[in-house]
2 protein chains.
Amino acid sequence: MVAYSPSALKAELHERGWRMTPQRETILKTFQNLPEGRHLSAEDLCDLLKEEGAPIGLSTIYRNLKLMARMGILRELELAEDQKRYEINRPAPHHHHHLICVRCNKTIEFKNDSVLKVGAKTAEKSGYQLLDCQLSIHAVCPTCQRSILPI
Amino acid sequence: MVAYSPSALKAELHERGWRMTPQRETILKTFQNLPEGRHLSAEDLCDLLKEEGAPIGLSTIYRNLKLMARMGILRELELAEDQKRYEINRPAPHHHHHLICVRCNKTIEFKNDSVLKVGAKTAEKSGYQLLDCQLSIHAVCPTCQRSILPI
DNA sequence: CCGTTAATGATATTTATTTTCAACTACGGT
DNA sequence: ACCGTAGTTGAAAATAAATATCATTAACGG
Ligand SMILES: [Zn+2]
Ligand SMILES: [Zn+2]
Ligand SMILES: [Zn+2]
Ligand SMILES: [Zn+2]
């Protein structure tokens, strides 16, 4: 789990016989400039780039979100919703986890280095190359506990 | 996070004005009797029940998997695939986490009580009622590291 | 046993994601 | 700087997980 620059991405792509493209650089930079706590779906990103005047086709976005997640550059999150969301994958001390209300989807980020250490050690012990380590706590927030609305 | 019996499920359903049904009991018992390490998708469960001569409609299965996950009875897992998978949610010492190869989806379960404690404490500190706590380690398994096949 | 109302299940629908494929372009080689 | 190869893009079509619809069934309190 390392922080990526556009040139580092380019180098790793070339290692595999792949190419750097303006679209890939745009996507990487967009996530790097996103404030912490912002998690984008594929459509969110598509809309955001359109607004900023640098539109990228939705298929390309889907393809590269998956690619960059599998490279360990992005984290693929399932925040108790019906679509995947992504954020940049940064090492400690930026690395964090998510506490998610399963009813209203309100999400709180929190940090805990010991969990990250457990993840790194577990992967290493089995000879796995670590890409991402995420603790997801599914729970009911105080507001939803009070609400009468059913599960 | 408690272990559920059919009667405990019935009691909690009644608290909310809902009903116990044979289908709900079948689903609960099926997951309780499943060996550790078995994770079923909605369609897996539908097929399994059909084989066992106690078929349940797919809509009913989808509805109740979601319901029981939101009650904390089942865990909803995203095991690096394109569909959600479920398993019974049992407290320590059965509680476990998942190490997932993002390329071949091979999954290893492992236990770590300290992570569960972090989850419980984090939820409590924010006044959240804990339902499930899952550490997902996304990584590349030894076999896939060796393979030439691209990400 | 009855009446109310939640639950089921076959079907239709939605929608996130993937696939297809022709046009484009990154980039290694000349 | 120019080619040629082969990876990439993006619009459109296809796929499939998940949800909604709705007539029928059945749980359960009285
Ligand atoms: Zn986050
Ligand atoms: Zn909530
Ligand atoms: Zn498991
Ligand atoms: Zn693998």
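Chain letters run A, B, ... following the sequence lines, proteins first, then strands; residues in each count from 1.
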*Asks:* Ignoring hydrogens and geometry, is there a side-chain-to-backbone donor-acceptor pair from A/R75 to A/E87 under 3.5 Å?
*Replies:* no

*Asks:* Roughly, in whole Å, what's the span from CD in A/Q83 to C1' in C/dT18?
*Replies:* 16 Å

*Asks:* Please state how far atom CG in A/L13 lies from atom C1' in D/dA6, giving the value in whole angstrom units.
*Replies:* 15 Å

*Asks:* Does D/dT9 have OP1 or OP2 sitting under 4.0 Å from an N or O in the side chain of A/N64?
*Replies:* yes

*Asks:* Let me have a per-nucleotide readout for nucleotides 22-30 of chain D, 5' to 3', with B, S or -, counting only protein heavy atoms under 4.0 Å.
*Replies:* ----BBSS-

*Asks:* Check whether B/R24 reaches the backbone of B/R19 with its side chain - one donor and one acceptor, N or O, closer than 3.5 Å.
*Replies:* yes

*Asks:* Do any N or O atoms from the side chain of B/R103 and from the backbone of B/C141 form a donor-acceptor pair under 3.5 angstrom?
*Replies:* no

*Asks:* Indicate the ring-plane relationship of A/H97 and A/F110, choosing parallel, tilted or perpendicular according to the 30° and 60° boundaries.
*Replies:* tilted

*Asks:* CD of B/E76 versus P of D/dA17: gap in Å, rounded?
*Replies:* 15 Å

*Asks:* For the side chain of B/H95 and the backbone of B/C133, is there at least one donor-acceptor N/O pair under 3.5 Å apart?
*Replies:* yes

*Asks:* Does C/dT18 have OP1 or OP2 sitting under 4.0 Å from an N or O in the side chain of A/Y62?
*Replies:* no

*Asks:* What integer distance in Å separates A/L40:CG from C/dA16:P?
*Replies:* 15 Å

*Asks:* For A/D82 and D/dA20, what is the distance between atoms CG and C1' respectively, to the nearest whole Å?
*Replies:* 14 Å

*Asks:* What are the residues of residues 43-58 of chain B, sorted by number, that bring a heavy atom to within less than 4.0 Å of DNA chain C?
*Replies:* B/I56, B/G57

*Asks:* Within less than 4.0 Å of OP1 or OP2 of C/dA7, is there a side-chain N or O belonging to B/T60?
*Replies:* no

*Asks:* For the residue pair A/H94 / A/E36, report whether a side-chain donor-acceptor contact shorter than 3.5 Å exists.
*Replies:* yes

*Asks:* Any sub-3.5 Å donor-acceptor pair from A/T122's side-chain atoms to A/V118's backbone N or O?
*Replies:* yes

*Asks:* Just how far, in rounded Å, is P of C/dA26 from CG of A/L9?
*Replies:* 15 Å

*Asks:* Would you say the side chains of B/H39 and B/E81 form a donor-acceptor pair under 3.5 Å?
*Replies:* no

*Asks:* Without decimals, in angstroms, what is the distance between A/K66 NZ and D/dT8 C1'?
*Replies:* 17 Å

*Asks:* State whether the distance check finds a donor on one side and an acceptor on the other, under 3.5 Å, for side chain B/S41 versus base D/dA17.
*Replies:* no

*Asks:* Looking at B/V140, is its backbone amide N or carbonyl O close enough to the side chain of B/Q145 to form a donor-acceptor pair, meaning the two atoms are under 3.5 Å apart?
*Replies:* yes

*Asks:* Which listed nucleotide (D/dA11, D/dA17, D/dT9) is nearest to the side chain of A/S59?
*Replies:* D/dA11

*Asks:* Take the protein atom CD1 of B/I61 and the nucleotide atom P of C/dA7, then report the distance between them rounded to whole Å.
*Replies:* 16 Å

